[in-house]
Amino acid sequence: MLEFKQGVDILSAIGGITTIGEAQKLFKEQLNPEHLQRLAAITNQETLLKVANAMAMCTPDQVYIHTGSAEDRERVLRMSLEKGEEQPLPIPGHTIHFDLPEDQGRMVDQTFYIANPDEKVSSLAKKEAREVSHAYIKEHMRGIMRGKTMYVGFYSRGPVGAKASIPAIEISSSTYVMHSAELLYRNCYADFDAEVARRGEFFTNIHSEGPNRSEDVPKARIYMDRSWQTTFSFFCTYAGNTLLMKKGNHRFATDSAMYRHNGQELSEHMFITGMTGPGGRITYFAGAAPSGCGKTTTAMVGSNFVGDDLAQMWIEADGSLRAVNPEIGIFGIIEDVNQEGDPYLMQCLRHPGTEVIFSNVLVDPQGKPRWTGDGEPPPEQGVNFQGTWTKNLTGVPMSHPNSRCTLMAEAVGNHNKKANADPSGVIIKVITYSGRDSNTMPPIWVAKNTDAGVAIGASIVSKATAAEIGASGVNRQPWANSPFVATPLAEYLEAQFNFYGNPKMTLKPIMTGLNYFLTHEERGGGGKGLLGEKRDVHVWLGWLELFTHGDVQAIETPMGLIPKYEDLRQLFTSKINKAYPESLYTMQFSLYIDNIVARIDLQEAAWGKEPGTSPRLFAVYKEQKAGLLALKAAKGGIVAPQAL
Ligand code: SPV
Ligand code: MN
């Protein structure tokens, strides 16, 4: 259980400002008249105290209130180029930013939840006692912005006025971080007060890169003070560690859903995208996948792409499941993005017309950004996050596997800007969960009921990802959200059952598993590597679109419903003009019963160690396992879909 506003408020304890009078005095002393006037538009006292205490703690030379205007955006970009946090590239509006070599992904080992005594956190997360964090932040963040400008922006995580949108303050001395914030989030300077009043909460984020030296990275920390909904981040620049409106606040949004709106809201690590079906209907999907498992690619396959990373969901009065995207931009992994798989994104990355920040890619001598899997022959040489790179450096990739591109979603050809701006959200009819699994689950399966759907989310496993420093092996990744769930997993599981099982949700989505990573080697194929390719996703999503409207039927199996061959064959032809032999279907959709049972056993054992896990989850596993074992007794260890 998390208690809000409990324990020492570290920010105000270090800043020392407790009254609005003291805050106003500080603003008058330190802000120039223009920025003082800008700040006067914000009247919420708690907000002003956060800003004042951040100033008092970090002691910047100047304070810049970012209103989100075109002039402010240009100014921050110019500052970024002057400081060297970004460098211009030949295509107008394109820049390159390098993070330090030690700061190329989320620093899991240096990321902590600040905890009060007796506060339990997830078995997959790290916590630190409040007084320890307090002392560390005091030691390193006091005066950290001396000689620098502090930028302060007021944002909304979601369309202004949407039920599940939450306002947030971003404070940083990094122009790269503020530039990214403007591409990824809605500046809501003018609406901030009203939004805080409507939602009854807001998040605060304070970051400084400090001197930006490799030698300081071991001292870097990413702290989430959940009780006070405030993040502290220092000695790093990688956006996953610094732009804490993204994953830092996603963690707080998860807390808000769990402890303030349990059974009514969920905050998920999910894309949102719409697929066009017969008659031009648009069906919206929300899908979870661990970092680096094709989430952005899946989202982009939609005809009406909304978001690629996060979803704020709630149950609307009409009984539907609604979702908004807290973001307006993409901070996407760029490796393997190429013309064939990602034509919309490539248009933005290779042609003028879009503001793009490339990070940690290679820049060739002509100034062209290059990355592994971009579909062109590698250059002879260039400069990357480690310095000079040449083609004959064996075993050293030209770009970091977690290199990224940052751009506004509206630049992408299939983005539905209107849907992403609508405070009513979109109605979600399909929920998908994916992992990275070479041998067990088929490309698609549909849960028979919502409890079985919750179990699919609870059971995601994935190979390690480049987005996390030091990660290796195969990890459990419940809902692909576990890196961002602070709360004990059993409590989070309960919130999932409460949400999808809520009788108020009368228009329930179908809940499905997706797996793009089956290999020839594991499924008895004659070839090498993956059984499918990126564009097959059009078919998988297309089938789900039809199924949710009752336009195709499915085959029942003990672990859920799977498609019929003929329906898929037709979709392969109509959607991507590709032959789909029945032998491939059989390899993809046969039940490898021992593998599936082993997967269930692994999940049962892992969840069995989480105190208080709902018996509803074990009931699903038990029923599936019994069904699978009976099927094995009747038909053998590998059961082809045609035999069902
Ligand atoms: C992810 O890794 O899931 C991302 C990028 O979306 S980060 O901001 O690093 O979390
Ligand atoms: Mn993500």
Side-chain angles (χ1 to χ4, degrees), residues 97 99-100 102-111 124-125 157 168 170 172 174 176-177 179-181 183-185 203 205 207 220 222 224 231 233 236-254 267-273 286-300 306-312 325-337 345 357-361 385 400-407 409 432-436 460 462-471 475 477-486:
H97 162 82
D99 299 296
L100 293 167
E102 302 78 10
D103 183 25
Q104 295 285 314
R106 273 183 276 113
M107 292 193 251
V108 211
D109 290 340
Q110 287 159 260
T111 300
L124 302 175
R157 294 181 86 261
E170 184 73 38
S172 178
S174 162
Y176 160 69
V177 168
H179 185 192
S180 302
L183 295 178
L184 296 178
Y185 291 89
F203 305 147
N205 304 288
H207 161 260
I222 297 95
M224 263 71 58
T231 70
S233 157
C236 45
T237 59
Y238 170 65
N241 294 323
T242 61
L243 177 59
L244 290 180
M245 238 189 319
K246 194 173 180 66
K247 291 306 183 358
N249 290 173
H250 174 54
R251 292 161 158 114
F252 294 160
T254 303
S267 183
E268 291 283 16
H269 192 208
M270 285 184 172
F271 67 76
I272 303 170
T273 202
S291 309
C293 292
K295 187 151 55 75
T296 299
T297 301
T298 310
M300 298 271 178
V306 174
D308 80 326
D309 198 38
L310 298 170
Q312 290 286 105
N325 175 14
E327 307 190 292
I328 51 165
I330 301 166
F331 175 58
I333 292 185
I334 200 167
E335 185 162 295
D336 290 332
V337 168
L345 198 48
I357 311 174
F358 292 86
S359 50
N360 306 318
V361 297
F385 69 100
H400 191 277
N402 195 35
S403 329
R404 302 246 171 188
C405 52
T406 304
L407 63 157
T432 71
Y433 298 103
S434 350
R436 196 176 263 271
I460 296 179
S462 161
K463 249 176 54 182
T465 143
E468 294 184 349
I469 292 174
N475 298 324
Q477 280 266 17
W479 299 280
N481 209 14
S482 51
F484 316 111
V485 170

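Ligands are counted one by one from 1 in listed order, and the atoms in each one are counted from 1 as well.
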Q) Does Arg404 come within less than 4.0 Å of ligand 1, judged by its heavy atoms? A) yes
Whether the side chain of [X] engages the backbone of [Y] through a donor-acceptor N/O pair (distance < 3.5 Å, no angle test) should be reported.
X      : Y      : result
Asp309 : Met270 : no
Arg404 : Phe331 : yes
Thr237 : Asp99  : no

Q) Which residue holds the protein heavy atom closest to atom 3 (O) of ligand 1, what is that atom called, and what is the gap in Å? A) Ser291 OG, 2.6 Å
**Q.** Protein heavy atom at shortest distance from atom 8 (O) of ligand 1
**A.** Gly240 CA, 3.3 Å
In ligand 1, which numbered atoms sit nearer than 4.0 Å to a non-hydrogen atom of [X]?
X      : result
Lys246 : 6 (O), 8 (O)
Arg106 : 1 (C), 2 (O), 3 (O), 7 (S), 9 (O), 10 (O)
Phe331 : 5 (C), 8 (O)
Tyr238 : 5 (C), 7 (S), 9 (O)
Asp309 : 6 (O)
His269 : 3 (O)

Q. Of the choices Lys295, His250, Lys247, which has the non-hydrogen atom that lies closest to atom 10 (O) of ligand 1?
A. Lys247
Measure the [atom1]-[atom2] distance between [X] and [Y] for me, rounded to the nearest 0.5 Å.
X      : Y      : atom1 : atom2 : result
Gln104 : Cys236 : CD    : SG    : 12.5 Å
Lys246 : Arg157 : NZ    : CZ    : 9.0 Å
Asn481 : Thr254 : CG    : OG1   : 5.0 Å

Q. Is there an N/O/S atom in Leu310 that lies less than 2.8 Å from the Mn ion (ligand 2)?
A. no
Q) Once rounded to 10°, what is the value of the angle centred on the Mn ion (ligand 2) between Asp309 OD1 and His269 NE2? A) 90°
Q. Side-chain donor-acceptor pair under 3.5 Å between Thr231 and Arg251, yes or no?
A. no
Q. Please walk me through it: do Asn402 and Asn360 pass side chain to side chain donor-acceptor pair (under 3.5 Å)?
A. CA-CA 8 Å; Asn402 195 35; Asn360 306 318; over 6 Å; no
